[in-house]
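Data first, discussion second: the structure below is written as structure tokens.
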Amino acid sequence: MPDVLTLLAERLQVGFDAVAPGSDPVLRPSDRADFQANGALPLAKRLGRDPREVATAVVGAARLDDVCETVEISGPGFVNLTLSRRFLGELVVGMAAEDRLGVATAASPDTVVVDYSAPNVAKEMHVGHLRSTVIGDALCRILGHLGHRVVRENHVGDWGTPFGMLIEHLLDLGEQEAVHELSVGDLNGFYREARASFEADEGFRERSRRRVVLLQGGDPETLRLWQVLVAESIHYFDEVYAKLGVLLTDDDVVGESFYNPMLPAVVADLETLGLLVEDAGARCVFPPGFANRNGDPLPLIVQKSDDGYGYAATDLAAIRDRVGRLGAARLLYVVGSPQAQHLAMCFAVARLAGWLGEGVRAEHVAFGSVLGADRKMFKTRSGESVRLVDLLDEAVTRAKAAIAERGADMSADERGAVAQALGIGAVKYADLSTDRTKDYVFDWDRMLAFEGDTGPYLQYAHARIRSIFRRGEVAVPAPGTPTRLDEPEERALALALLGFGSAVASAAELSAPSKLCAYLFGLAATFTDLYERCPILRAPDQERRDTRLLLADATARVLATGLHLLGIAAPDRM
Ligand code: ARG
């Protein structure tokens, strides 16, 4: 079943082609009717004719009578289309009969590499990693649902000069004690102590420097110690991922160190292409279009004056690997906005080097900061950055309190599972529902509220529908059951349901889970209108009851599927 916008566009296209080939209907949902086509205006301009007259000609030549109740020319030449109740009913019955609920799979599936989460070894995960992890997870689910081949890459920071200091600190503590500290998740403490020794003690500094050389030289014992740090940290990150309920596994860890063997080839390629420039001993590329405040060209440093490779070299190697080895057609980087310039420069250099061909899209899926109530960076009372684990535990504790008075008939286990779904869902939804490029204020009361654009509101809307079926002991009407859309609320809900496919598609296209959130919130609100005005179980007759049950069931399934695509659980009872 094609979605309704595609179908209307095809019908109108016939009318447009009859007036003049090469024009486009430009359809969108409308407040005045169901849909509006704006294409007559640009066409009239091109032909030097009156837009209303052109619109009339288009409508005259298009066959719409079997699908539309009314077709009106309004304003300067808009075409307002209202679907016939019968046709709308057929569409929604067809959509409800599908497992995919009107979400089409991609016509040409792509390999999409999603770079996200990317915490740093021996460092605590903070709210920045929360954003990357949650947004990246939703994008992987959405793209996968559309049939794309999704490669998740957790670009863990597991290499670089700090590891000299971290390994020496591990030795000073004793390996067992170090492992213990890291395994209980005291990563901040570990890092802070290492840093303190480094700052206070010249001998420690010297040892750390020698250790970096050993690490880079591949000394087996040093590599073993490094591996201890990496393994313990990843083990800890896994616990956070499990609390969050995201798809990431150990198989998705492709840390910075993975690219080490590829770095000489990156430099060699750039050298051969004549792109490398020596600048104060460092080897750089100056991609056109990047300048500092004084207008001087900006370098992307590929190899430092001490011959070491930096963050940028690794990102270049990653692009080369993702396109070359994995065959990616699209690269997504779910990374905070402050790294915009770094990534733009890497993409530009990769284009110059031919690693990013014309057909490959590379996108920085940038996001803003999480702010406290004071609109400053989100911090603990003592001014430290908030540990992500603590935040997630608090979310569940608060959710437990919020449902204490509800669901008296739930077992302790079920109550625990619901609190988990609610708390984690609230945090995720608050993050996903804002335009990701903007900062947002972290506000427990707002995100856990059962009213408003929140995770709990959507979860509750879903559970409420499930409970209608449970309480009424009714089944979903079988396919072919006669249905009738009479009330405006029924019509509105049918139309809203038919928008699921394009909401998922636009979230994928724009790398914007907020588009899906906004859609689901609109759908739940439209359902609430119906629920408040049109009795379902006590509908006036069988046909209307069946229609409403069918709409309710489809709504619950769209909510559950949509929440699932956002990585949010949808319990049946709350
Ligand atoms: N590890 C970095 C951080 O914590 C993020 C890495 C982002 N991904 C990348 N390919 N550069 O800030």
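Counting convention: from 1, in listed order, for ligands and their atoms alike.
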Worksheet item: Of all the atoms in ligand 1, which lie at a distance below 4.0 Å from a heavy atom belonging to H129?
Response: 4 (O)

Item to complete: May I ask you to check whether D115 has an N/O atom sitting below 3.5 Å from an N/O atom of ligand 1?
Response: yes

Worksheet item: Atoms of ligand 1 less than 4.0 Å from V335 heavy atoms?
Response: 7 (C), 8 (N)

Discussion item. Check this for me, if you would: do K428 and D431 make a salt bridge, where the nitrogen-to-carboxylate-oxygen distance has to be below 4.0 angstrom?
Written reply: no

Discussion item. Quick one about N154 and Y241 (side-chain donor to acceptor, distance below 3.5 Å, no hydrogens or angles considered), yes or no?
Written reply: yes

Worksheet item: Taking 4.0 angstrom as the limit, do E394 and R387 come out as a salt bridge?
Response: no

Discussion item. Once you restrict to heavy atoms under 4.0 Å, what part of D315 touches ligand 1? Side chain, backbone, both or neither.
Written reply: side chain

Item to complete: Could you list the atoms of ligand 1 found under 4.0 angstrom from a heavy atom of Q339?
Response: 12 (O)

Worksheet item: Is it the case that E153 and Y333 place a side-chain donor and acceptor less than 3.5 Å from each other?
Response: no

Discussion item. For D172, is there an ion pair with R207 - N to carboxylate O distance below 4.0 angstrom?
Written reply: yes

Discussion item. Residue-level breakdown please: for V156 versus ligand 1, do any non-hydrogen atoms fall below 4.0 Å on the side chain, on the backbone, on both, or on neither?
Written reply: neither

Worksheet item: N/O to N/O below 3.5 Å, does that happen between Y311 and ligand 1?
Response: yes

Practice prompt. Please say whether A118 places an N or O atom under 3.5 Å from an N or O atom belonging to ligand 1.
Written response: yes

Worksheet item: For residues D315 and H342, is any side-chain donor paired with an opposing acceptor at under 3.5 Å?
Response: yes

